[in-house]
Amino acid sequence: MNFILLILAILYLFCTAFSGYRAIKKLDTFPIPEAQRIHRYRFSLGWNLCSLLFVFIIVWSSPITFLEIGFRSPVFSGAHPILYRAVLIVCCLLTALFLYQILTFLISPSYRKNTAESLQQRFQAGGQYEKAVDSLIPRTSREKRWFFLTSLAAGVCEETVFRGFCFYLLQAVLPLEPILTSIVVGFSFGFAHFYQGAKGIFKTALLGTLFGLLFSATGSLFFCIPLHFLFDFSSAFLYSQEQ
C-alpha cells in the first residue's frame with residue numbers, strides 16, 4: 001500500500017513541476033497584468049488545497065495517522081544533537097531575517113526601491129529564475145491579498161505533502177536515515193519548482209532539505225509551516241503599486 005502511494009506521490013511531483021513550467025511559458029507579456037497574476041495565485045491556491053485534501057482523504061482511509069505525518073507537538077530528537085541544534089539556530093535566524101525584510105519593506109521606501117531595482121536589473125539580464133520570481137511578486141493591494149492566501153496555503157499544504165506525507169512514505173518504503181530522507185525529499189521539493197530553472201531548483205532543494213531536517217529534529221510540522229509561509233510572504237511588499 002505504501003509503495004503504491006509513493007508511486008502516486010512521484011506522479012504528483014511530475015504534475016506539479018509540469019503545471020508550473022506551463023504557467024511560466026504562458027507569460028509572454030511583461031509587465032504582467034493584475035488579472036493574469038491573480039489567476040496564477042488562484043491556480044496555485046486551488047492546486048495546494050486539492051493536494052492537502054487528497055492527503056487527508058488517504059490518511060482518513062488508511063492506517064496512516066495524522067501524528068505520523070507531523071500533526072503533533074514538537075518533540076526534539078536526541079539523535080545528531082550538533083546538526084539538529086545548528087538547524088534550529090539557522091531556522092531561527094531565517095525567521096528573524098524574513099520578519100526583518102517584511103518590516104523593512106513596509107517602513108523604508110528607499111530600501112524597497114533599491115531592492116526592487118536590483119531585482120529588475122537581474123530580471124533584465126534574462127535569467128529564468130529571476131523571471132519566475134518577479135512574475136510572482138504582487139504589486140497592487142488586491143494582488144497582495146491573494147498572495148497572502150497563496151503563501152499561507154503553500155506553507156500549510158506543501159509542508160504537509162512533502163515534509164509530512166512524502167517523508168513518511170519514503171521512510172516506510174525505504175527506511176533510510178532521517179537525514180538522508182530529508183535530502184531526498186528536499187531535492188524532490190526542488191524538482192517541483194522546475195519552472196524556476198536550475199538556480200531555482202537548487203535553491204528550493206536546499207531550503208526543502210533544511211525544512212526536512214527541521215521536521216526530523218522536531219517530529220512536527222508546526223515549525224516548518226510558519227517558516228515556509230514567511231519565506232514565501234517575505235517579498236509581498238517589495239513592490240509598491242506605482243512600481
Side-chain angles (χ1 to χ4, degrees), residues 1-2 5-6 9-10 12-13 48-49 51-56 58-60 62-103 148 151-193 201-235:
M1 177 65 177
N2 287 332
L5 291 176
L6 183 60
I10 293 173
Y12 165 82
L13 179 65
N48 278 318
L49 290 177
S51 302
L52 182 67
L53 179 61
F54 180 69
V55 168
F56 280 5
I58 290 176
V59 173
W60 279 322
S62 73
I64 304 172
T65 68
F66 285 100
L67 294 177
E68 289 174 312
I69 65 170
F71 286 92
R72 58 184 175 186
S73 300
V75 177
F76 295 97
S77 172
H80 312 291
I82 296 177
L83 174 63
Y84 285 162
R85 286 173 187 170
V87 167
L88 292 173
I89 292 172
V90 170
C91 289
C92 289
L93 292 175
L94 284 177
T95 301
L97 176 63
F98 297 149
L99 290 173
Y100 171 80
Q101 181 169 292
I102 292 172
L103 291 174
F148 171 81
S151 300
L152 183 61
V156 175
C157 303
E158 291 181 3
E159 289 307 304
T160 301
V161 171
F162 285 94
R163 253 59 64 185
F165 188 63
C166 290
F167 195 101
Y168 166 81
L169 287 179
L170 190 59
Q171 286 218 301
V173 175
L174 298 171
L176 304 171
E177 170 69 29
I179 294 176
L180 185 57
T181 303
S182 300
I183 295 172
V184 174
V185 174
F187 276 80
S188 300
F189 181 66
F191 179 76
H193 295 77
I201 292 174
F202 183 70
K203 290 183 71 172
T204 51
L206 289 181
L207 190 70
T209 300
L210 178 66
F211 289 162
L213 292 172
L214 179 61
F215 178 70
S216 298
T218 62
S220 173
L221 294 173
F222 293 159
F223 290 136
C224 301
I225 288 173
L227 183 58
H228 190 146
F229 163 72
L230 284 175
F231 171 74
D232 286 351
F233 192 65
S234 61
S235 63

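If you're wondering where the values come from, they're calculated on a predicted model, not measured in any experiment.
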Q.
If I take atom CD1 from residue Ile201 and atom CG from residue Leu206, how far apart are they, to the nearest 0.5 angstrom?
A. 12.0 Å
Q: For residues Gly70 and Phe215, report the shortest heavy-atom separation together with the two atoms involved.
A: CA-CE1, 3.6 Å
Q) Say you draw a straight line from OG1 of Thr95 to CG of Leu227; how long is it, rounded to the nearest 0.5 Å? A) 4.5 Å
Q.
Can you see whether Tyr84 engages Ser77 through a side-chain donor-acceptor pair at a distance of less than 3.5 angstrom?
A. no
Q.
One pair to check against side-chain contact (heavy atoms from CB on, under 4.5 Å): Val161 and Tyr12. What are the steps and the verdict?
A. CA-CA 10 Å; Val161 171; Tyr12 165 82; 3.7 Å; yes
(Q) Rounded at 0.5 Å granularity, tell me how far OG in Ser220 sits from CZ in Arg163. (A) 13.5 Å
Q. Where do Ala9 and Cys166 come nearest, in terms of heavy atoms and distance?
A. CB-SG, 3.9 Å
Q: Assess whether atom CD1 of Ile82 is packed by more than 12 heavy atoms of other residues, nucleotides or ligands within 6.0 Å.
A: no
Q | Thr218 and Leu214: CA distance, side-chain angles, deciding distance, side-chain contact (heavy atoms from CB on, under 4.5 Å) verdict | A | CA-CA 6 Å; Thr218 62; Leu214 179 61; 4.3 Å; yes
Q) Does a side-chain heavy-atom distance below 4.5 Å link Phe165 with Phe56? A) no
Q) What pair of heavy atoms forms the shortest contact from Pro63 to Glu68, and how long is it? A) O-OE1, 4.0 Å
**Q.** More than 12 heavy atoms of other groups within 6.0 Å of Phe66 CZ
**A.** yes
Q: Hey, can you tell me if Phe189 and His193 have their rings parallel, tilted or perpendicular (30° and 60° cut-offs)?
A: perpendicular
(Q) If I compare all heavy atoms of Ala154 with all of Asn48, which pair ends up nearest, and what's the gap? (A) CA-ND2, 3.8 Å
Q) Can you find a pair of side-chain heavy atoms, one from Ile225 and one from Phe229, that are under 4.5 Å apart? A) no
Q.
Tell me if a side-chain donor or acceptor on Gln171 pairs with a main-chain N or O of Leu176 at a distance below 3.5 Å.
A. yes
Q.
A side-chain contact here means heavy atoms from C-beta on lying under 4.5 Å apart; do Phe233 and Leu152 qualify?
A. no
Q: Write down the atom of Ile64, the atom of Leu5, and the distance for their closest heavy-atom approach.
A: CD1-CD1, 4.0 Å
Q | Any side-chain heavy-atom pair of Leu221 and Thr160 under 4.5 Å | A | yes
Q) Who pairs with Ser182 by side chain to side chain donor-acceptor pair (under 3.5 Å), at least two apart in sequence or on another chain? A) Ser216
Q | Heavy-atom neighbours of Tyr100 OH exceed 12 at 6.0 Å | A | no
Q: Could you please spell out the steps behind the side-chain contact (heavy atoms from CB on, under 4.5 Å) verdict for Leu49 and Leu53?
A: CA-CA 6 Å; Leu49 290 177; Leu53 179 61; over 6 Å; no
(Q) Is the shortest side-chain heavy-atom distance between Val185 and Phe211 below 4.5 Å? (A) no
Q) Do the non-hydrogen side-chain atoms of Cys91 and Leu210 ever get within less than 4.5 Å of each other? A) yes
Q. Hey, does Glu177 have a side-chain heavy atom less than 4.5 Å from the side chain of Thr181?
A. no
Q.
How close do Ser234 and Ile102 get, counting heavy atoms only, and between which atoms?
A. CA-CG1, 3.6 Å
Q: Could I get the full list of side chain to side chain donor-acceptor pair (under 3.5 Å) partners for Thr204, not counting sequence neighbours?
A: none
**Q.** Atom pair SG/CZ of Cys224 and Phe167 - distance to nearest 0.5 Å
**A.** 9.5 Å
**Q.** For Ala192, all residues meeting side-chain contact (heavy atoms from CB on, under 4.5 Å), sequence neighbours excluded
**A.** Leu13, Thr16, Phe162
Q) Can you tell me how far the CD1 atom of Ile179 sits from the NE2 atom of His80, to the nearest 0.5 Å? A) 3.5 Å
Q) Just wondering, do Leu230 and Leu94 contact through their side chains at under 4.5 Å, heavy atoms? A) no
